[in-house]
Amino acid sequence: MKKHLLILLSVLLVMPLGVAIAGGDAPEAEHQRWHFDGHFGTFDRAAQQRGLKVYREVCAACHGLKRIAFRNLEALGYDEGQVKAIAGEYTVEDGPDDEGDMFERPARPSDRFPSPFANENQAKSANNGALPPDLSLIIKARHHGPDYVYGLLTGYEEAPEGTTLLEGQHWNKYMPGHIIAMAPPVSDDQVTYEDETPQTVEQYSKDVVEFLAWASEPELEERKSTGIKVLIFLLAFAGIMYAIKKKIWASVH
Ligand code: HEC
């Protein structure tokens with residue numbers, strides 16, 4: 001009996017250690033204030049539109065967004081014409097035509113964002129053997145996704161002494177294991193904003209996270225507002241039940 005307990009105890013003690021090693025001792029990214037946080041959180045449309053611009057001008061060179069169709073962008077406040085114009089800037093493969101050949105045509109609102117590479121092998125060979133993941137679900141796929149992705153984009157540092165980086169490797173504070181094959185993707189003033197919003201790495205990172213958070217969970221606002229309505233309903237219902245109970249039991253003393 002004692003032996004079993006000992007084994008159980010040592011497993012419990014060793015497990016978190018294993019997790020820590022697998023996690024590569026990267027610290028948790030600092031919590032940022034997100035517009036979509038909390039019970040009443042909503043998306044910030046202006047930030048999302050800027051984030052889309054950052055995605056299109058920077059991240060899209062390496063990362064796909066295959067779950068998002070151009071017409072979904074209407075949720076960011078674009079009208080039909082604007083969505084059509086955005087789609088029209090992309091080329092997608094279609095077909096086969098009557099002769100059995102595949103052909104290229106401008107994208108339509110019903111098309112999804114085309115991936116930058118034809119297949120995974122091409123993506124890897126263009127990136128020193130590392131695969132740039134599709135970003136459609138990245139915010140959901142990572143622990144504390146918004147903070148993590150923001151941390152990652154702003155977390156590049158000189159490698160500490162004693163760490164040797166191979167060609168194409170970079171040191172990042174928040175990447176598990178610290179070594180990442182993605183070069184710092186954005187720098188200050190790289191993307192032009194049409195308003196007075198600062199053109200800094202921090203702002204770009206915040207905006208692209210706001211956009212990617214929507215891509216990962218387009219129904220977030222609806223989910224939150226339904227939650228609030230259910231709560232209000234339950235409260236009102238509890239009140240009514242209490243009143244009924246009082247009335248029914250009023251004569252019994
Ligand atoms: C030049 C190509 C390139 C560009 C541009 C690029 N990335 Fe990456 N990204 C990569 C590669 C390659 C990896 C895989 C890194 C690895 O596994 O070490 C990656 C990985 C990632 C990851 C996953 C990290 C993890 O936890 O595994 C995220 C998130 C990410 N990129 C976000 C972005 C965002 C946001 C942008 C635009 C601001 C961007 N990337 C621009 C090449 C790129």
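Atoms within a ligand are numbered from 1 in the order they appear, just like the ligands themselves.
By the criterion of a heavy-atom distance under 4.0 Å, neither the backbone nor the side chain of Ala183 is placed next to ligand 1.
Qualifying side chain to side chain donor-acceptor pair (under 3.5 Å) partners for Gln203, counting only residues two or more places apart in sequence or in other chains: Asp207.
Looking at Glu221 and Arg45, a side-chain N of the basic residue comes within less than 4.0 Å of a carboxylate O on the acidic one, giving a salt bridge.
Scanning the protein for heavy atoms near atom 27 (O) of ligand 1, the closest one is Arg142 NH2, 3.0 Å. Ranking protein heavy atoms by distance to atom 38 (C) of ligand 1, first place goes to Cys59 SG, 2.7 Å. The protein atom (non-hydrogen) at minimum distance from atom 41 (C) of ligand 1 is Pro185 CB, 3.4 Å. Given atom 1 (C) of ligand 1, the protein heavy atom at minimum distance is Cys62 SG, 2.7 Å. Nearest protein heavy-atom contact of atom 24 (C) of ligand 1 is Leu152 CD2, 3.6 Å. Looking at atom 26 (O) of ligand 1, its nearest protein heavy atom turns out to be Tyr148 OH, 2.5 Å. Protein heavy atom at the shortest distance from atom 14 (C) of ligand 1 is Leu131 O, 3.5 Å. Counting protein heavy atoms only, atom 23 (C) of ligand 1 is closest to Pro133 CG, 3.9 Å.
Of all the atoms in ligand 1, the ones that sit under 4.0 Å from a non-hydrogen atom of Ile180 are 15 (C), 18 (O).
At a threshold of 2.8 Å, atom 8 (Fe) of ligand 1 has a backbone or side-chain N, O or S atom of His63 nearer than that distance.
Taking distance alone, with nitrogen or oxygen atoms compared against 3.5 Å, Ala181 approaches ligand 1 more closely than that limit.
Listed by first then second residue, pairs satisfying side-chain hydrogen bond (donor to acceptor under 3.5 Å, both in side chains) with a partner in residues 226-247 number zero, not counting sequence neighbours.
Between Asp111 and the choices Arg71, Lys66, Arg105, the salt bridge (charged side-chain N to carboxylate O under 4.0 Å, His left out) rule is met once, by Arg105.
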